[in-house]
Amino acid sequence: MAKKGAQRRLSPSGEPVLRVLRLFGLGALAIASLAIAAEPQRPQPLRGGSEFQSRDVQALERDDFANPASLWLARGEALWNEARGSAAKSCAACHGDAATSMRGVASRYPKHDAALGRVVNLEERINACAADHQGAPRFAWESPELLSLTAFVARQSRGVPIQVSIDGPAHATWDAGRRTYFTRIGQLNLACTHCHDASWGKTLLAESVSQGHPNGWPAYRLEWQSLGSLERRLRACFFGVRAEMPAYGDRDMIALELYLAWRAQGLASTVPGVRR
Amino acid sequence: MLLGRVQVPRSVRKGEIVEVRVLVQHPMETGFRRDMNGQAIPLNILDKVTARYGGREVFSAELGSGMSANPYIAFYVRAEASGDIEVEWSDDHGEKGRATATLSVG
């Protein structure tokens with residue numbers, strides 16, 4: 001198949017050019033196949049996002065009071081205990097004390113949901129619960145309520161290593177996420193791998209390029225002056241390489257989230273993070 | 001109601017200098033920003049923070065548009081007797097909030 005492709009490109013050309021083109025074409029094919037064969041390994045050792053932040057930002061993240069995300073956590077805790085919707089039920093009515101029932105849960109997301117028949121992230125799972133069990137309207141993407149509740153649930157898994165399942169029904173989604181991760185996008189024509197596998201630890205303008213692990217999200221980003229979801233952060237990367245930004249909840253984004261979580265497997269959660 | 005938190009050390013000795021930490025959730029809009037449609041976002045600043053210890057005012061601050069969103073403020077008081085430290089804040093729209101922390105002097 002490779003030879004056929006090269007010949008088609010060459011057929012209208014003259015003899016000397018043809019030879020050069022053939023060499024070039026075969027060379028390019030060889031490089032392309034090499035790139036597929038040598039898919040980069042996960043960065044070693046795994047280093048979470050906060051390790052690429054400056055010391056003052058790390059100190060802010062560690063300080064449970066001064067970490068601005070603590071305001072969202074307080075709101076999330078209130079929402080957890082608030083009776084909502086037509087069922088007038090709170091999250092706590094079914095799940096009880098979040099400190100025990102939600103321990104380690106966020107580290108297993110994104111996860112395939114049998115009822116919904118697809119892979120969902122934590123935000124979607126919370127919204128599904130709100131709609132199905134509370135009879136309440138879904139929270140909008142990036143709304144303060146959804147962020148607060150997600151951060152509160154994710155906070156219960158702090159210190160628990162990320163451990164997502166990519167077997168069975170989740171495998172196709174993981175594979176789609178992997179493809180997105182290695183596909184060049186945007187006017188800058190970069191894939192995730194070019195920064196986060198090949199260039200982590202290097203400096204990009206005033207930033208340190210991280211390994212791209214999602215273990216600190218949702219995080220308070222100083223640039224946003226607000227808590228934000230992993231999806232919002234991913235969209236910032238799409239913006240950075242001047243690519244079209246997918247909508248919130250886009251299947252490709254969920255797939256990419258699953259791939260990133262798999263890639264960060266074993267890294268302990270540090271939610272809520274603080275990022276520059 | 002503007003959400004916020006106050007923190008003091010768990011237990012202190014009489015005469016000790018203690019740090020009181022305050023964190024308030026507020027956008028601190030400068031009035032200079034524009035939204036996605038080009039419309040000016042109106043000024044909205046948390047401009048007054050006061051603290052009372054045992055009923056007596058021990059700290060007050062007037063904030064301006066140079067402060068970041070979700071301002072964090074820390075100040076020091078001398079622990080004299082067990083009592084509440086009540087912190088109140090308000091913004092230029094008249095929105096208010098308050099939080100209390102109890103200082104137990106042992």
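Quick caveat, the model's predicted, so the values are computed rather than measured. Naming: A, B, ... by sequence-line order, numbering from 1 per chain. The figures here come from the full heavy-atom set of this structure, side chains too, leaving out hydrogens, waters and symmetry mates.
Considering every non-hydrogen atom in both B:L3 and A:L71, the closest pair reads CD2-O, 3.4 Å. Of all heavy-atom pairs between A:F65 and B:L23, the closest is O-CD2, 3.4 Å. Minimum interatomic distance between A:A66 and B:R21 (heavy atoms only, all atoms of both residues): CB-NH2, 3.8 Å.
For A:D64, the part sitting under 4.5 Å from any heavy atom of chain B is the backbone (N, CA, C, O) and nothing else.
Here the CG atom belonging to A:D63 is positioned 7.0 Å from the CD atom belonging to B:Q7, to the nearest 0.5 angstrom. Note that CZ of A:R75 is 7.0 Å distant from CD of B:Q25, once rounded to the nearest 0.5 Å.
No more than 12 heavy-atom neighbours from other residues, nucleotides or ligands sit within 6.0 angstrom of CZ on A:F239. Atom CZ of B:R78 has 12 or fewer neighbouring heavy atoms from other residues, nucleotides or ligands inside a 6.0 Å radius. Open room surrounds CZ on A:R242; 12 or fewer heavy atoms of other groups in view lie less than 6.0 Å from it. Counting heavy-atom neighbours within 6.0 Å of A:E244 CD, excluding the residue itself, gives a total of 12 or less.
Using a 4.5 Å heavy-atom cutoff, the side chains of B:Y72 and A:L60 are not in contact.
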